2 protein chains.
Amino acid sequence: MDIIIKIDDPVPLFAQLVAQIKQAVLGDKIAPGDALPSIRQLANDLDLNTKTVAKAYRLLERDGVIEAKGYRGTFVHPDAKVNSAVDLNEWALATLGNTVGTLREAGVTDSEIRIAFSRAMNNQKNKES
Amino acid sequence: MDIIIKIDDPVPLFAQLVAQIKQAVLGDKIAPGDALPSIRQLANDLDLNTKTVAKAYRLLERDGVIEAKGYRGTFVHPDAKVNSAVDLNEWALATLGNTVGTLREAGVTDSEIRIAFSRAMNNQKNKES
DNA sequence: ATATGTACCATGTGTAGTAATGGTACATGG
DNA sequence: CCATGTACCATTACTACACATGGTACATAT
């Protein structure tokens, strides 16, 4: 795996990692079942903090691209290729875009939308008890 | 109109103004057709900047609570009482709350939701040309 | 001329959230 | 024992935005 991290890139480091691993899956450079380097290993190789790599791995597992098997290490998910093609963030963008559009049409100010959004994020945080 | 502005209140000054004027309408202290003090006048009385008062008036006019008639001054809107009861911000909060809830259930991170929201706000800005 | 709402230039302060870093500690199951 | 992923404590730098302030300028129509 030729992973190249650019520290001066505006794209966050963990996001670069996520993107490149998804690309590796889509380009068949790694296949389901393949073992990935451990968090500590990869952090050492790429000269990153373990937290940064851990964050990328956490997101990749949520997206069904990799599978963490505890002490045994991390592996490429069986459905990795399909799941790599699905972009949760783009869907979130589209969904929020619709809502924002509706509010804007109703005459709600951008500033008010931002404030309402901030409140919405904090409100629901306490809703799931 | 007994308007009291508390500078040490966490509620923004312009928001205090908006709320109190709406309350004055709902409490029949001012009725449709009544003239409101000019922006400069009110800013002077309350010891506020004209911009702050202007912001409140702008929002009140959008909500159909008051009517700006240019050089003639500002007046209470004919449908002020009905329009004062509608809270655009609460509706925005509820709408955004639903969207955020949906995204959260889908496993989207709060951080990712915020980023997607930020992009949604910037995207649509250029959409209406 | 006058006072109206409105629009533009700008600055300062405070808050909130992101990204990345460091260190320490834990349960897991070969 | 040991390396795994994971979770907690924390700090630093940065960005974006809200709020409020100040000054200046403009078209309006009596």
Side-chain angles (χ1 to χ4, degrees), chain A residues 5-19 35-44 46-62 66-75 77 89 108-123 125, chain B residues 5-18 35-44 46-62 66-75 77 89 100 109-122 125:
Chain A
I5 300 297
K6 303 172 185 169
I7 42 172
D8 54 343
D9 196 301
V11 178
L13 306 183
F14 76 90
Q16 294 183 42
L17 243 185
V18 169
L36 276 79
S38 78
I39 287 181
R40 292 174 179 80
Q41 181 74 48
L42 193 53
N44 199 0
L46 300 177
D47 207 44
L48 296 178
N49 193 284
T50 54
K51 307 301 208 60
T52 306
V53 180
K55 186 174 184 180
Y57 272 35
R58 201 185 323 130
L59 291 174
L60 285 168
E61 181 163 34
R62 182 205 58 185
I66 65 177
E67 263 182 330
K69 301 200 173 180
Y71 65 100
R72 268 176 295 172
T74 307
F75 303 87
H77 191 280
N89 287 327
V108 186
T109 298
D110 277 19
S111 188
E112 290 172 319
I113 295 178
R114 288 202 178 88
I115 292 173
F117 171 76
S118 180
R119 286 209 290 155
M121 293 297 286
N122 292 341
N123 276 357
K125 189 183 302 173
Chain B
I5 299 298
K6 304 171 186 170
I7 42 172
D8 53 343
D9 196 301
V11 178
L13 307 183
F14 76 89
Q16 293 184 42
L17 243 184
V18 170
L36 275 80
S38 78
I39 286 181
R40 293 173 177 79
Q41 180 74 49
L42 193 52
N44 200 358
L46 299 177
D47 207 45
L48 296 177
N49 192 283
T50 53
K51 308 299 208 62
T52 306
V53 180
K55 185 174 184 178
Y57 271 35
R58 200 184 323 130
L59 291 174
L60 285 167
E61 182 165 34
R62 181 204 59 184
I66 66 177
E67 263 182 331
K69 301 200 173 180
Y71 67 99
R72 271 175 293 173
T74 307
F75 303 88
H77 191 280
N89 285 327
V100 168
T109 299
D110 278 19
S111 189
E112 290 172 318
I113 295 178
R114 288 203 174 86
I115 292 173
F117 171 75
S118 179
R119 286 209 289 154
M121 293 296 287
N122 292 341
K125 188 184 304 171

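Only a predicted model underlies this, so the values are computations on that prediction, with no experimental measurement involved. Proteins come first, then strands; the chains are lettered A, B, ... in the order of their sequence lines, and each starts at number 1.
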**Closest to the B:L13 side chain, choosing from C:dA20, C:dT18, D:dT21** = D:dT21
**Asked** Looking for any heavy atom pair under 4.0 Å, which part of the strands does A:E112 touch: base, sugar-phosphate only, or nothing?
**Response** nothing
**A:F14 CZ to C:dT21 P, straight-line distance once rounded to whole Å** = 12 Å
**Message:** Please compare B:L48 and B:R40 by the position of their nearest nucleotide in DNA chain D and report the one closer to 5'.
**Reply:** B:L48
**Message:** Tell me whether A:Q41 contacts the main-chain N or O of A:S38 through its side chain, where contact means a donor paired with an acceptor under 3.5 Å.
**Reply:** no
**Message:** Return whichever of B:S111 or B:Q41 has its heavy-atom-nearest nucleotide of DNA chain C closer to the 5' end.
**Reply:** B:Q41
**Which nucleotide in D:dC19, D:dC17, D:dT6 has an atom nearest any side-chain atom of B:N122** = D:dC17
**Prompt:** Can you tell which of C:dG23, C:dT6, C:dA7 lies closest to the side chain of A:K51?
**Reply:** C:dG23
**Asked** Given atom CD1 of B:I7 and atom P of D:dT21, what is their separation to the nearest angstrom?
**Response** 9 Å
**Item:** Passing candidate, side chain to side chain contact (heavy atoms under 4.5 Å, CB included) with B:T74, options B:L42, B:I66, B:L60
**Value:** B:I66
**Complete:** Side-chain atoms of B:S38 come closest, of C:dA20, D:dA20, C:dG5, to C:dG5
**Request:** Please determine if a side-chain N or O atom of A:S118 lies less than 4.0 Å away from the OP1 or OP2 oxygen of C:dA16.
**Result:** no
**Item:** Distance test, side-chain N/O of A:T50 to OP1/OP2 of C:dG22, below 4.0 Å
**Value:** no
**Item:** N or O in side chain of B:T52 less than 4.0 angstrom from D:dA20 OP1/OP2
**Value:** no
**Asked** Does the side chain of B:N49 get closer than 4.0 angstrom to OP1 or OP2 of D:dA20 through an N or O atom?
**Response** no
**Request:** May I ask you to verify if any side-chain N or O of B:K55 is less than 4.0 angstrom from the OP1 or OP2 atom of D:dC19?
**Result:** yes
**Atom-pair distance (CD1 on A:I115; P on C:dG17), nearest Å** = 13 Å
**Asked** Okay, side chain of A:Q16, backbone of A:V11: is any donor-acceptor separation there less than 3.5 Å?
**Response** yes
**Message:** So A:R58, base contact, sugar-phosphate only, or nothing? Heavy-atom distance under 4.0 Å.
**Reply:** nothing
**Prompt:** Where along residues 67-75 of chain A does a heavy atom fall under 4.0 Å from DNA chain C?
**Reply:** A:Y71
